[in-house]
Novice: 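First the structure, then my questions, so here it is.
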Amino acid sequence: VQLQASGGGLVQAGGSLTLSCADSKRTSSNNAVGWFRQAPGKEREFVAAISYRGNPTTYADSVKGRFTISRDIAKNTVYLQMNSLNEEDTAVYYCAVAYGSIAADSPSRYRYWGQGTLVTVSS
């Protein structure tokens with residue numbers, strides 16, 4: 001599995017970004033995929049995850065109602081639409097492929113990790 005996260009950048013508070021996680025080895029189509037993030041000086045934390053069929057999905061409380069995870073099986077890509085961004089969303093965002101097919105929020109449930117993409121939200 002080779003995961004490539006992209007779409008990060010600098011955005012003003014209140015703005016939006018869409019992250020993409022492309023699986024070039026096409027091995028995640030039967031697995032859940034999750035997004036995690038790590039802010040400077042903090043532990044890596046769960047953001048959102050999507051099951052292999054697209055449902056169910058699960059979100060961290062801090063992003064519910066603002067972020068939406070989706071996947072395009074044909075393109076082997078998972079997206080994270082992020083709206084109403086605030087400074088607390090500043091972090092390196094990582095995508096990961098789970099061992100199983102159902103969305104999970106624990107990093108220990110994930111087998112493959114991609115390189116991160118940096119999201120910086122300015123006030």
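When a residue number appears, it is its place in the shown sequence, counting from 1. Source: prediction; values computed, not measured.
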Novice: Apply side chain to side chain contact (heavy atoms under 4.5 Å, CB included) to residues T68 and L80 and explain how you reach the verdict.
Specialist: CA-CA 6 Å; T68 302; L80 185 68; over 6 Å; no
Novice: Minimum heavy-atom separation for K75 to T77, with atom names?
Specialist: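 It is O-OG1, 2.9 Å.
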Novice: Quick one: which residue pairs count as a disulfide (SG to SG under 2.5 Å) with a foot in residues 45-82, not counting sequence neighbours?
Specialist: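 Found none.
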Novice: Roughly how far apart are L3 CG and S20 OG, rounded to 0.5 Å?
Specialist: 12.5 Å
Novice: Could you check whether any side-chain heavy atom of L85 comes within less than 4.5 Å of a side-chain heavy atom of L17, counting everything from C-beta outward?
Specialist: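 Sidechains of L17 and L85: in contact.
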Novice: Does the side chain of I50 reach to within under 4.5 Å of the side chain of W35, using non-hydrogen atoms?
Specialist: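 No - every pair of side-chain heavy atoms lies 4.5 Å or more apart.
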Novice: State, without any angle test, whether Q81 and T18 hold a side-chain donor-acceptor pair at a distance under 3.5 Å.
Specialist: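 Indeed, the side chains of Q81 and T18 share at least one donor-acceptor pair under 3.5 Å.
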Novice: Just do the side chain to side chain contact (heavy atoms under 4.5 Å, CB included) check on S70 and V78 with the steps written out, would you?
Specialist: CA-CA 6 Å; S70 61; V78 173; over 6 Å; no
Novice: State, without any angle test, whether S16 and N83 hold a side-chain donor-acceptor pair at a distance under 3.5 Å.
Specialist: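 There is such a pair (donor and acceptor under 3.5 Å, judged by atom type) between the side chains of S16 and N83.
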Novice: Could you tell me the separation between the CD atom of E87 and the OG1 atom of T120, rounded to the nearest 0.5 Å?
Specialist: 11.0 Å
Novice: Going by the rule side-chain contact (heavy atoms from CB on, under 4.5 Å), which residues pair with R66 if we only count those two or more places apart in sequence or in a different chain?
Specialist: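 Scan of R66 (side-chain contact (heavy atoms from CB on, under 4.5 Å), adjacent residues dropped) gives V63, S84, N86, D89.
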Novice: Among Ile, Leu, Val, Met, Phe, Trp and Tyr joined by side-chain contacts under 4.5 Å, find the other residues sharing a cluster with I73 and list them by chain and number.
Specialist: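 The other cluster members (ILVMFWY side chains, heavy atoms under 4.5 Å, direct or chained): none.
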Novice: May I ask you to decide if D105's main-chain N or O and Y110's side chain share a donor-acceptor pair within less than 3.5 Å?
Specialist: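 No; zero donor-acceptor contacts below 3.5 Å.
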Novice: A side-chain contact here means heavy atoms from C-beta on lying under 4.5 Å apart; do Y93 and Q38 qualify?
Specialist: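 Answer no - side chains too far apart.
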Novice: Going by the ring pair (Phe, Tyr, Trp, His ring centres under 6.0 Å) test, which pairs reach into residues 45-90, not counting sequence neighbours?
Specialist: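 Sorted pair list: F36-F46.
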Novice: Is it true that a side-chain atom of T57 and a backbone atom of N55 form a donor plus acceptor pair closer than 3.5 Å?
Specialist: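 Absent.
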Novice: Would you call P107 and W113 a side-chain contact if the rule is heavy atoms closer than 4.5 Å?
Specialist: yes
Novice: Using only atom types and a distance under 3.5 Å, with no angle test, would you say the side chain of D23 pairs donor to acceptor with the backbone of N76?
Specialist: no
Novice: Distance check, rounded to the nearest 0.5 Å: S51 atom OG versus R71 atom CZ?
Specialist: 8.5 Å
Novice: Just so I know, are the side chains of L19 and S6 near enough to count as touching, which here means a heavy-atom distance under 4.5 Å?
Specialist: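 No, their side chains stay 4.5 Å or more apart.
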Novice: Using the salt bridge (Lys or Arg N to Asp or Glu O under 4.0 Å) rule, collect all pairs that involve residues 40-57, keeping only residues at least two apart or in two chains.
Specialist: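 Pairs touching residues 40-57 that pass the test: R37-E45.
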Novice: Quick one: does T90's side chain have a donor or acceptor within less than 3.5 Å of a partner on V121's backbone?
Specialist: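 Checked: pair present.
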Novice: Starting at SG of C21, measure out to CD1 of I69 and round the result to the nearest 0.5 Å.
Specialist: 9.0 Å
Novice: By the disulfide (SG to SG under 2.5 Å) test, which pairs, at least two apart or in different chains, include something from residues 39-83?
Specialist: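 Sorted result for residues 39-83: empty, none.
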